[in-house]
Engineer: 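Here it is, the structure in full.
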Amino acid sequence: MNYLIEKCEPSVFPLLVEIWEDSVRKTHNFLSEEDIAYFKPLILNSYLHAVDLRVVRDSDSQILGFLGVAEENLEMLFLHSNAFGKGLGRLCLDYAINEMGVEKVDVNEQNEQALGFYLHCGFKIIGRSELDPQGKPFPILHLALKS
């Protein structure tokens, strides 16, 4: 299967929020329904606009996931759960590093799947915050690539 990573238009943002929600429901077991409802409008109305955004499409042009970068930090990388385990996460991460200059990523400490992925890909934990950026009690691990 061939995949394409490209910039996207705001017209696809509602689809990206659906992908985000699907992914989060599979990987963020620590979030409640209220948490998901809190974050959904923030994703759509703020977060997607605040990053240099790319989507990954399959050979049928279907969007399977997306990534967002700001100031050398991978702010978001979400794949639809149907795309898990197919190498797309690594493809997107390699793109972010090689094409967008990513050197850092923050991960929810409780998201063991994502943490394991980033550690496997060469990131190292360099710090920890007790609260997430919204002040919620979801500890964040700060990771960086070490040369």
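One is the number of the first residue; the rest follow in order along the sequence.
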Engineer: Should the pair Lys136 and Tyr38 be classed as cation-pi, given the thresholds of under 6.0 Å to the six-membered ring centre and 45° from the axis?
Structural biologist: yes
Engineer: Using a 3.5 Å distance criterion without hydrogens, assess whether the side chain of Asn108 forms a donor-acceptor pair with backbone atoms of Gln110.
Structural biologist: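 Answer holds: no.
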Engineer: Is a side-chain donor or acceptor of Asn111 paired with a backbone partner of Ala114 at a separation under 3.5 angstrom?
Structural biologist: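 Present.
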Engineer: Just wondering, more than 12 heavy atoms not from Gln134 lying within 6.0 Å of its CD?
Structural biologist: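 Correct, the count exceeds 12.
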Engineer: Could you label the plane-to-plane angle of the His28 and Phe78 rings as parallel, tilted or perpendicular, counting under 30° as parallel and over 60° as perpendicular?
Structural biologist: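 Aromatic pair His28/Phe78 classed tilted.
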Engineer: If you define the side chain from C-beta out and look only at heavy atoms, does anything of Phe117 sit under 4.5 Å from Val105?
Structural biologist: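 Phe117 vs Val105: side chains apart.
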Engineer: Test of understanding: clusters of I, L, V, M, F, W, Y form through side-chain heavy atoms closer than 4.5 Å, transitively. Do Leu131 and Leu143 belong to the same one?
Structural biologist: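 No; Leu143 is not reachable from Leu131 via cluster members.
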Engineer: Show your reasoning for whether side chain to side chain donor-acceptor pair (under 3.5 Å) applies to Glu34 and Ser32.
Structural biologist: CA-CA 5 Å; Glu34 293 78 20; Ser32 67; 3.2 Å; yes
Engineer: According to the interplanar angle, ranging from 0 to 90°, do the rings of Phe123 and Tyr118 count as parallel (below 30°), tilted (30 to 60°) or perpendicular (above 60°)?
Structural biologist: perpendicular
Engineer: I'd like to know if Asp106 and Lys104 make a salt bridge, using a cut-off of under 4.0 Å between side-chain N and carboxylate O.
Structural biologist: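 No salt bridge links Asp106 with Lys104.
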Engineer: Could you check whether any side-chain N or O of Thr27 sits under 3.5 Å from a backbone N or O of Ser23, counting only pairs where one atom can act as donor and the other as acceptor?
Structural biologist: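 Yes, Thr27 side chain to Ser23 backbone: donor-acceptor pair under 3.5 Å.
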Engineer: Verify whether one side chain among Asp22 and Ser81 offers a donor that lies under 3.5 Å from an acceptor in the other.
Structural biologist: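 Result is yes, a qualifying pair exists.
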Engineer: With the side chain counted from C-beta on, respond yes when Ile140 and Pro133 share a heavy-atom pair under 4.5 Å apart, and no when they do not.
Structural biologist: yes
Engineer: Please determine whether a side-chain nitrogen of the Lys or Arg among Arg25 and Glu33 lies less than 4.0 Å from a carboxylate oxygen of the Asp or Glu.
Structural biologist: yes
